Amino acid sequence: MEKIKVLFVCLGNICRSPLAEAIFKDKLKKKGLEDFFEVDSCGTSNYHVGDQPDSRTIANARKNGVTIDHCGRQFTANDLKHFDYILAMDHSNHHNILRLLKDKAHTSKVMLMREFDTTGKGEEVPDPYYGSEKNFQEVFEILNRSTENFLNHLQQTILQKP
Ligand code: 4NP
């Protein structure tokens, strides 16, 4: 079976999307599903290409029992071809991803991360960059819920496991 390819996208690729990637990978590991997936994250901007995730994101993830291992990179048009699911953290990211769309057939791959949230469905994952630890924790909880529901959705629809 071909791997299911999932890409999480934010602006800087140092706060929200590398955290989403790390939480999702942690869930895959716990469920023994790692081999079925390719998972990555990136940013629509080039501000933090080559950078490690923000130290506050790393600390918050650690506090919640999740390890992050990622190096910042920018989203490219090729990502639209390569990945099956592209999850944008906010409307601006979503818009900037679709601006690079050449093949209309790929439109449905691009979704808002919180389409899969139970609380605040369809809202944005707020950017914590100028915020406090409280904001980083809020982002963690949003991503924890959203990635859990996203994975359940994939298990039910694609992997067809209850
Ligand atoms: P992220 O947060 O998009 O969740 O990685 C940000 C990180 C850096 C900047 C903005 C947002 N910045 O302007 O440098």
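The structure displayed is predicted, hence computed values, not measured ones. Each ligand, and each atom within it, is numbered from 1 in the order the structure gives.
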Just jot down the ligand 1 atoms closer than 4.0 angstrom to any heavy atom of [X], in number order.
X	result
Y47	12 (N), 13 (O), 14 (O)
C15	1 (P), 2 (O), 4 (O), 5 (O)
I14	5 (O), 7 (C), 8 (C)

Decide if atom CG of N46 counts as having more than 12 heavy atoms of other residues, nucleotides or ligands within a radius under 6.0 Å. yes
Exercise. For atom CG of D35, is the number of surrounding heavy atoms from other residues, nucleotides or ligands below 6.0 Å larger than 12?
Worked result: no
Counting heavy atoms under 4.0 Å, the part of D54 that contacts ligand 1 is neither
Flag [X] as yes when one of its N or O atoms lies below 3.5 Å from any N or O atom of ligand 1, and as no otherwise.
X	answer
Y130	no
L11	yes
D127	yes

In this structure, atom 4 (O) of ligand 1 is nearest to the protein heavy atom R16 NE, 2.8 Å
For atom 14 (O) of ligand 1, the closest protein heavy atom turns out to be H48 NE2, 3.0 Å
Report yes or no: is the cationic atom of R56 (NZ for Lys, CZ for Arg) closer than 6.0 Å to the six-membered ring centre of Y129, at no more than 45° off its axis? yes
Rounding to 0.5 Å, atoms NZ (K81) and CG (D79) come to a distance of 10.5 Å
Only one of K134, E133, E138 passes side chain to side chain contact (heavy atoms under 4.5 Å, CB included) with F136, and that residue is E133
task = Quick one: sort the F150 and F8 rings into parallel, tilted or perpendicular, breaks at 30° and 60°.
result = perpendicular
Practice prompt. Please answer: with hydrophobic residues joined when any side-chain heavy atoms are less than 4.5 Å apart, are I14 and I68 in the same cluster?
Written response: no
